[in-house]
S.K.: 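Have a look at this one before I ask anything.
Keep in mind that the numbers below use all heavy atoms, side chains included, and drop hydrogens, waters and symmetry copies. For ligands, and for the atoms within them, numbers begin at 1 and follow the listed sequence.
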Amino acid sequence: MKRTGLFFTYFQGERLKDFPGALDGILDKENVSYYDAVYDRRDGLYYLEPVAEETLLKVHSREMVAAVKLTGDYESAMYSAAGTIQAAREIRQGKIDNAFVFTSFGDHHAGRNFYGGMCYFNGAALAIATLREKGVKRFAIVDTDCHHANGTRDIFLTDDDVLHVCFCCQDYSDEHNNIDVAIPNRTSDEEYLARLRQEFIPRVTAFKPEYIFWEFGYDATQGEYGDKGLSRDSHLGMARLIKEAADRVCRGRLITILCGGSGRAVAAYTIPRIIDTLAELGRYR
Ligand SMILES: [Zn+2]
Ligand SMILES: [Zn+2]
């Protein structure tokens with residue numbers, strides 16, 4: 001079984017209201033570690049460490065960090081990125097194999113000098129910046145949120161050591177390993193998973209990253225604000241494919257980051273299933 005770290009922040013909004021309660025039957029597993037921004041170290045809980053401003057400046061401009069402070073969302077944005085940064089560190093130190101990061105604010109619309117779309121800091125980019133300082137060189141980011149990852153693309157546009165495969169509405173690729181896979185406005189689970197299998201798996205296998213980051217947005221699920229017709233079970237299929245690739249390509253080093261999606265019921269249904277897959281608990285078939 002894999003050792004899976006769960007990195008939890010919850011400050012506002014509806015979607016995570018059922019957590020951590022929805023993780024009943026998962027949190028007590030020996031191979032699952034739970035890191036929380038709210039509670040200090042006690043009874044098997046680990047403290048989620050805040051991120052220093054100098055770390056944010058490894059990716060984002062001083063002006064942007066200052067602007068985020070003025071929004072009133074700084075603390076929750078900072079802790080959202082903190083989960084991904086700490087997940088990367090715990091994996092590198094061999095304490096866990098993979099991770100699921102709960103966020104209040106996401107990642108992929110945050111660029112070097114801009115933010116928007118409920119994204120302030122780019123946790124994946126910050127984690128990559130900190131891993132690089134420890135000698136890690138190659139990374140892959142797969143993005144199954146409904147929308148284009150303009151922030152992540154801004155940060156890694158000319159970076160040859162980051163493979164970025166974004167499943168969105170555009171169709172773009174360049175020589176710096178930036179790929180967009182156009183998903184039509186109406187699709188099906190089978191079609192989407194086939195695209196993921198065709199467009200991501202061969203590329204990540206050839207690229208040989210040392211870590212894979214999965215920007216997991218569920219906003220293309222039926223009834224969500226980016227509804228493309230996917231069922232809530234589609235994300236379990238994606239998790240299985242991406243985890244299998246990580247196990248084969250980079251010793252299982254996979255960090256799953258909660259990105260878009262607003263529904264509380266979809267979150268409570270989908271996220272435990274993804275974590276079950278990461279930790280190989282085998283409760284769902
Ligand atoms: Zn989105
Ligand atoms: Zn895209």
Side-chain angles (χ1 to χ4, degrees), residues 12-16 73 76-77 80-81 84 100-112 114-125 128 139-159 162-187 189 191-201 203-204 207 212-232 234-235 238-239 242 256-267 270-271 274:
Q12 59 203 72
E14 278 292 310
R15 69 176 178 177
L16 294 180
D73 291 329
S76 42
S80 296
T84 307
F100 188 95
V101 182
F102 293 84
T103 61
S104 296
F105 295 102
D107 251 43
H108 75 163
H109 296 310
R112 287 197 182 280
F114 62 85
Y115 59 84
M118 296 288 285
C119 298
Y120 288 114
F121 298 127
N122 199 306
I128 286 172
F139 307 89
I141 303 171
V142 56
D143 190 318
T144 62
D145 185 279
C146 176
H147 302 100
H148 177 55
N150 59 322
T152 306
R153 185 58 52 87
D154 170 66
I155 295 164
F156 296 114
L157 187 60
T158 59
D159 194 322
V162 177
L163 170 69
H164 182 214
V165 184
C166 173
F167 290 78
C168 58
C169 53
Q170 61 182 51
D171 184 1
Y172 170 87
S173 69
D174 69 11
E175 69 274 24
H176 298 292
N177 311 307
N178 294 299
I179 316 291
D180 284 299
V181 180
I183 299 294
N185 281 337
R186 297 309 294 172
T187 186
D189 293 1
E191 194 176 59
Y192 195 105
L193 290 171
R195 296 289 276 161
L196 189 62
R197 207 176 281 116
Q198 289 156 9
E199 302 288 349
F200 176 64
I201 302 302
R203 285 190 173 96
V204 77
F207 193 77
I212 298 174
F213 293 83
W214 175 21
E215 298 281 5
F216 157 63
Y218 61 87
D219 47 1
T221 314
Q222 292 161 21
E224 278 287 328
Y225 55 85
D227 184 346
K228 287 193 170 194
L230 293 179
S231 83
R232 55 188 191 168
S234 64
H235 307 288
M238 295 179 210
I242 294 168
T256 302
I257 306 163
L258 178 57
C259 211
S262 63
R264 190 171 158 175
V266 183
T270 306
I271 293 172
I274 292 176

S.K.: Is the closest side-chain donor-acceptor distance between Thr221 and His235 under 3.5 Å?
M.R.: yes
S.K.: The criterion is side-chain hydrogen bond (donor to acceptor under 3.5 Å, both in side chains); which residues satisfy it with Ser234, sequence neighbours excluded?
M.R.: none
S.K.: Can you list everything that forms a salt bridge (Lys or Arg N to Asp or Glu O under 4.0 Å) with Glu199? Sequence neighbours excluded, please.
M.R.: Arg195, Arg203
S.K.: Can you tell me, to 10 degrees, how wide the angle at the Zn ion (ligand 1) is between OD2 on Asp219 and OD2 on Asp145?
M.R.: 80°
S.K.: Is it true that Asp107 and Thr152 share a donor-acceptor pair across their side chains at a distance under 3.5 Å?
M.R.: no
S.K.: Do Gln222 and Ser231 have side-chain atoms, one donor and one acceptor, less than 3.5 Å apart?
M.R.: no
S.K.: Suppose the cut-off is 2.8 Å; which protein N/O/S atoms would you list for the Zn ion (ligand 2)?
M.R.: His148 ND1, Cys166 SG, Cys168 SG, Asp180 OD1
S.K.: Sorted by first residue and then second, give each salt bridge (Lys or Arg N to Asp or Glu O under 4.0 Å) pair with at least one member in residues 170-187; sequence neighbours left out.
M.R.: Arg153-Asp180, Arg186-Asp227
